[in-house]
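Structure record follows, encoded as C-alpha cells.
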Amino acid sequence: MREMGEIVKAKVFQTTDTVGLARWLIGKHLVRERAPGEREARMITEVEAYHSESDLACHARAGRTKRTDVLYAAGGVWYVYLCYGIHELLNIVAGPEGEPAAILIRGVEGISGPGRVTKRLAIGRDLNRAAATAESGLWIEDRGVIVPENEISATPRIGVDYAGPVWSQKPWRFVVKPR
DNA sequence: TACTCGATCGGA
DNA sequence: CCGATCGAGTAA
C-alpha cells in the first residue's frame with residue numbers, strides 16, 4: 001500500500017513561472033497532519049496564480065507591507081490571510097526571494113471553495129510564513145497522479161473584478177473539470 | 001484616528 | 001440578493 005508520495009521541495013516553488021507552477025500543482029496532494037499519525041491527503045483540484053506587483057489582483061500590488069511581506073519570501077512557505085473578515089485562505093508562496101507571487105489553493109478533492117478548504121483541514125493564520133514541510137504539518141506531495149490536459153480548464157480568476165479587465169481576465173485559474 | 005473594502009459563504 | 005465580520009490599506 002503506497003500512502004506516501006514525494007514531498008515537493010521548496011526549490012520547486014521558487015520558479016519565476018508562477019502560472020506554470022499553478023497548472024503543475026493540479027493533481028498534486030495537499031497533506032495535513034494535525035497530530036502525529038492523523039494525516040489527511042487530498043488531491044488539489046483548483047488553484048489560482050498571483051504574480052508580481054504589476055498584477056492588480058495580487059495583494060502585492062500595494063508593494064511590500066506587513067501583510068504582503070511573506071509574498072516576497074523565497075517560494076515554499078504558506079501565506080494564510082483573513083478574507084472578508086471570516087474566511088482564511090491558503091496560498092503557497094512562489095518565486096525566488098524578492099519576487100512576490102503566490103498560488104491560492106481554491107479547491108481539493110471533495111472540498112470546493114477556498115474558505116471551506118481551510119475550515120475542513122483546520123488551517124489558520126498560525127501557519128502564515130510556515131514552511132510547507134512535515135514540520136509545519138502542512139505540505140504538498142507528488143503522488144504520481146496525472147490529470148489529462150483535456151480535463152483541466154484555464155479560466156479567469158474568481159472575485160477579482162476590482163483589478164480591472166486586463167488583470168481580472170487573465171486565465172490564471174486552473175480547475176479539474178467536473179466528471 | 002476614521003473610513004472603505006475585500007482572492008467568500010450560507011441563508012432568505 | 002444580502003448580511004456577516006474584521007483587519008489591512010489609505011487618507012487625513
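Letters A, B, ... mirror the listed sequences (proteins, then strands); counts begin at 1. Values reported hereafter were calculated over all heavy atoms of this structure, with side chains retained and with hydrogens, waters and symmetry mates removed.
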Not counting sequence neighbours, list each pair that qualifies as a salt bridge (charged side-chain N to carboxylate O under 4.0 Å, His left out) and has a residue in residues 111-127 of chain A.
Glu88(A)-Arg125(A)
Can you list, by residue number, the residues of residues 158-172 of chain A that have a non-hydrogen atom closer than 4.0 angstrom to DNA chain B?
Ile158(A), Gly159(A), Val160(A), Tyr162(A)
For DNA chain B, find the residues of residues 93-101 of chain A with a heavy-atom distance under 4.0 Å and give them by number; none if there aren't any.
none
Looking for any heavy atom pair under 4.0 Å, which part of the strands does Leu89(A) touch: base, sugar-phosphate only, or nothing?
sugar-phosphate
Span of DNA chain B in contact with chain A (heavy atoms, under 4.0 Å)
dG6(B) to dG10(B)
Checking [X] side chain against [Y] main chain: does a donor-acceptor pair fall under 3.5 Å?
X	Y	value
Asn128(A)	Val80(A)	yes
Ser136(A)	Ala131(A)	yes
Thr68(A)	Leu71(A)	no
Trp167(A)	Asp161(A)	no

Please determine whether the number of non-hydrogen atoms from other residues, nucleotides or ligands lying under 6.0 Å from atom NZ of Lys9(A) exceeds 12.
no
Who pairs with Tyr81(A) by ring pair (Phe, Tyr, Trp, His ring centres under 6.0 Å), at least two apart in sequence or on another chain?
His59(A), Tyr79(A)
Measure the spacing between CD1 of Ile158(A) and CD of Glu46(A) and express it to the nearest 0.5 Å.
7.0 Å
Please name all residues satisfying side chain to side chain donor-acceptor pair (under 3.5 Å) with Glu109(A), sequence neighbours left out, ordered by chain then number.
none
Would you please name every residue forming a side chain to side chain donor-acceptor pair (under 3.5 Å) with Trp172(A), sequence neighbours left out?
none
Grouping I, L, V, M, F, W and Y whenever their side-chain heavy atoms are under 4.5 Å apart, do Trp24(A) and Leu90(A) come out in a common cluster?
yes
Do the side chains of Ile92(A) and Val108(A) join up, straight or via other hydrophobic residues, at under 4.5 Å, putting them in one cluster?
yes
Stem list for DNA chain C, please, built from Watson-Crick and G-U wobble pairs under 3.5 Å and keeping only runs of at least 3.
B:1-6 with C:6-11, B:8-11 with C:1-4
When you compare dA7(B) with dT10(C), how far apart are their P atoms, in angstrom units rounded to a whole number?
13 Å
Checking [X] now: which residues fulfil salt bridge (Lys or Arg N to Asp or Glu O under 4.0 Å) with it, not counting sequence neighbours?
X	result
Arg32(A)	none
Arg67(A)	none
Arg129(A)	Asp69(A)

With B for base contact, S for sugar-phosphate-only contact and - for none (protein heavy atoms under 4.0 Å), nucleotides 4-12 of chain C reads BBBSSSS--
